Colleague: 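Take a look at this one; I'll ask things after.
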Amino acid sequence: MDLIARLRAGLPGEAILTDPDVTGSYANDMASFCEAGTPAVVVLPRTVEQVQHIMRTATELRVPVVPQGARTGLSGAANASDGCIVLSLVKMDRIIEINPVDRIAVVEPGVINAVLSRAVNAHGLYYPPDPSSWEQCSIGGNIGTASGGLCCVKYGVTAEYVLGLDIVLADGRLLTTGRRTAKGVAGYDLTRLFVGSEGSLGIVVRAVLALKPEPPEQLALAAEFPSTAAACEAVCEIMARGHAPSLLELMDRTSIRAVNDMAQMGLPDTTEALLLAAFDTPEPAADLAAVGELCTAAGATQVVPAETAAESDLLLQARRLTLTALERVKSATMIDDVCVPRSRLAEMLDGTAAIAEKYGLTIGVCAHAGDGNTHPTVCFDAADPDESRRARESFDDIMALGLHLGGTITGEHGVGVLKKEWLARELGPVGLELQRGIKQVFDPLGILNPGKLF
């Protein structure tokens with residue numbers, strides 16, 4: 001019995017896609033420079049039992065399986081391999097439970113981040129992880145890549161909110177990890193092992209997520225600086241003085257110019273860096289005043305605090321438009337997510353500017369400055385082979401710079417195909433050997449998302 005017939009034995013007809021014109025649209029995520037193969041079939045299960053059937057079939061026939069969420073990723077982690085089963089989890093999109101007493105939500109992997117966030121808000125609760133693509137990205141994808149977002153400086157990344165998981169293993173067995181309780185230290189922390197594993201160890205089919213009380217509305221300020229060094233000095237002072245902003249974002253000169261060109265934001269041409277800070281504390285105006293003084297002391301030429309939530313949204317609009325504006329500069333972009341210690345943030349931005357000059361490219365940087373997570377965005381003409389080559393080389397130089405500064409090659413986008421050579425450099429030979437050993441335990445046939453990570 002062939003693959004399609006075996007799958008049909010346990011799946012409804014509408015859950016199996018075989019038309020090459022349709023399956024081809026599932027071949028890749030949003031990353032540049034990442035090869036993608038041609039899937040044999042795309043399956044869209046709705047139940048745990050259907051996922052188990054798919055994995056048993058894949059194991060028996062030795063067919064690779066590529067798990068996918070909403071395919072908003074930026075590392076090629078969801079890219080198909082030739083002859084694979086693409087296992088799309090978008091139809092498993094139920095919010096099973098929201099429990100205000102235990103402060104947890106139980107969800108399927110296809111639930112969209114923004115949908116969950118709004119649902120828990122209705123109970124006076126808050127799910128903090130908020131990737132920029134939160135209106136499109138799925139919880140399963142967020143777990144697979146250990147996503148971050150704008151609020152990480154105060155609330156942390158996805159890993160801090162995953163309490164437990166149901167996982168379908170490569171051979172179809174169902175594994176339950178973690179807990180529903182606020183505390184729990186029984187055995188090895190397998191839950192954390194799966195967060196960020198990019199579908200290489202098992203298929204997430206259910207997640208228990210921690211929730212927090214919904215905070216007050218935040219107020220923001222914008223501070224303009226004559227240099228990135230001055231803006232980064234302000235970031236260091238804000239954190240060193242014990243402030244806990246709910247958001248602390250930075251835009252460099254290139255990003256500011258791109259946003260100005262697109263949206264006529266009216267930011268002065270002399271602004272070399274824009275720092276945006278926000279607080280969701282009981283007295284945000286007082287916190288903003290204190291941070292404003294630190295910005296002025298660091299050399300800010302103008303500090304504009306908001307007095308209302310509506311004014312805050314206007315101030316933050318420039319940051320929200322950054323990636324869209326940079327995408328207009330050239331026909332293609334590569335978005336990096338190198339994370340460095342906050343104390344080395346200025347060196348990272350200045351080094352990236354030097355790399356842009358070296359390769360004759362436009363590279364704009366926006367950053368989750370509060371946690372040192374930078375997003376250098378390389379703009380290039382994909383139709384120009386030489387410019388594409390320089391873009392890829394500049395991307396590698398940026399990752400090398402991040403490691404040199406004591407950072408990591410990825411703060412929230414994951415490794416996928418794009419950065420797997422760099423993962424080996426960051427881990428070192430011993431770390432790489434142990435991680436491959438873990439992969440072997442969970443996936444001895446190597447059928448889960450092959451060619452990703454390492």
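Bear in mind that the values here come from a model prediction, so they are computed numbers and not experimental data.
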Colleague: Donor-acceptor pair, Gln50 side chain versus Leu11 backbone, under 3.5 Å?
Modeller: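 A pair under 3.5 Å: no.
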
Colleague: Write down the atom of Val86, the atom of Pro39, and the distance for their closest heavy-atom approach.
Modeller: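 Reported closest heavy-atom pair: CG2-CB, 3.7 Å.
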
Colleague: For the residue pair Arg118 and Trp134, would you count it as a cation-pi contact if the rule is NZ or CZ under 6.0 angstrom from the ring centre and within 45 degrees of the ring axis?
Modeller: yes

Colleague: Under the 6.0 Å and 45° cation-pi test, does Arg390 pair with Phe380?
Modeller: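 No cation-pi geometry.
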
Colleague: Checking side-chain hydrogen bond (donor to acceptor under 3.5 Å, both in side chains) between Asp337 and each of Asn373, Thr408, Thr410, Thr374, which is the one that passes?
Modeller: Thr410

Colleague: Would you say that more than 12 heavy atoms from the other residues, nucleotides or ligands in this model lie under 6.0 Å from the CZ of Arg46, or not?
Modeller: no

Colleague: For Glu35, does the CD atom sit with more than 12 other heavy atoms under 6.0 Å from it, leaving out its own atoms?
Modeller: no

Colleague: In terms of side-chain heavy atoms, does Ser255 have a donor or acceptor partner in Asp252 at a distance below 3.5 Å?
Modeller: yes

Colleague: Could you tell me which non-hydrogen atom of Pro215 sits nearest to which non-hydrogen atom of Tyr126, and how far apart they are?
Modeller: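 Pro215 and Tyr126 have their closest heavy atoms at CD-CD2, 3.5 Å.
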
Colleague: Could you walk me through whether Gln218 and Ser246 pass the side chain to side chain donor-acceptor pair (under 3.5 Å) test, one step at a time?
Modeller: CA-CA 8 Å; Gln218 67 180 8; Ser246 55; 2.7 Å; yes

Colleague: Would you say the ring centers of Phe33 and Phe395 fall short of 6.0 Å from each other?
Modeller: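 Ring-ring flag for Phe33/Phe395: false, centres at least 6.0 Å apart.
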
Colleague: Tell me whether Lys358 is salt-bridged to Asp397, with the criterion being a basic N under 4.0 Å from an acidic carboxylate O.
Modeller: yes

Colleague: Going by atom types alone, do Asn142 and Asn113 pair a side-chain donor with an acceptor below 3.5 Å?
Modeller: yes

Colleague: In terms of side-chain heavy atoms, does Thr333 have a donor or acceptor partner in Glu327 at a distance below 3.5 Å?
Modeller: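 Per modelled atom types, Thr333 and Glu327 side chains form no pair under 3.5 Å.
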
Colleague: Do other residues, nucleotides or ligands put more than 12 heavy atoms under 6.0 Å from the CZ atom of Arg320?
Modeller: yes

Colleague: How long is the straight-line distance from OG of Ser75 back to CD1 of Ile335, given to the nearest 0.5 Å?
Modeller: 12.0 Å

Colleague: Look at the rings of His368 and His375 and say which category their plane angle falls in: under 30° parallel, 30 to 60° tilted, over 60° perpendicular.
Modeller: perpendicular

Colleague: Quick test of your reading of the model: are Lys452 and Glu198 salt-bridged, counting only N-O distances below 4.0 Å?
Modeller: no

Colleague: So, Asp166 and Thr176: side-chain donor and acceptor under 3.5 Å apart, yes or no?
Modeller: yes

Colleague: Looking at Gln440, I'd like to know if its CD atom is crowded, meaning that more than 12 non-hydrogen atoms belonging to other residues, nucleotides or ligands lie closer than 6.0 Å.
Modeller: yes

Colleague: Can you check side chain to side chain donor-acceptor pair (under 3.5 Å) on Asn449 and Ser200, steps first, answer last?
Modeller: CA-CA 5 Å; Asn449 219 5; Ser200 66; over 6 Å; no

Colleague: Check Glu387 with Lys330, please: is the shortest side-chain N to carboxylate O separation under 4.0 Å?
Modeller: yes

Colleague: Could you tell me whether the side chain of Glu108 and the main chain of Ile96 form a donor-acceptor pair under 3.5 Å?
Modeller: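 No; zero donor-acceptor contacts below 3.5 Å.
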
Colleague: I'd like to know if Arg425 and Glu421 make a salt bridge, using a cut-off of under 4.0 Å between side-chain N and carboxylate O.
Modeller: no

Colleague: Do Lys91 and Glu14 meet the salt-bridge criterion of a basic N to acidic O distance under 4.0 Å?
Modeller: no

Colleague: Check this for me: does any side-chain nitrogen of one of Asp280 and Lys154 sit under 4.0 Å from a carboxylate oxygen of the other?
Modeller: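 Yes.
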
Colleague: Considering residues, nucleotides and ligands other than His123, do more than 12 of their heavy atoms fall under 6.0 Å from its NE2?
Modeller: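 Enclosed: over 12 neighbouring heavy atoms sit under 6.0 Å from NE2 of His123.
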
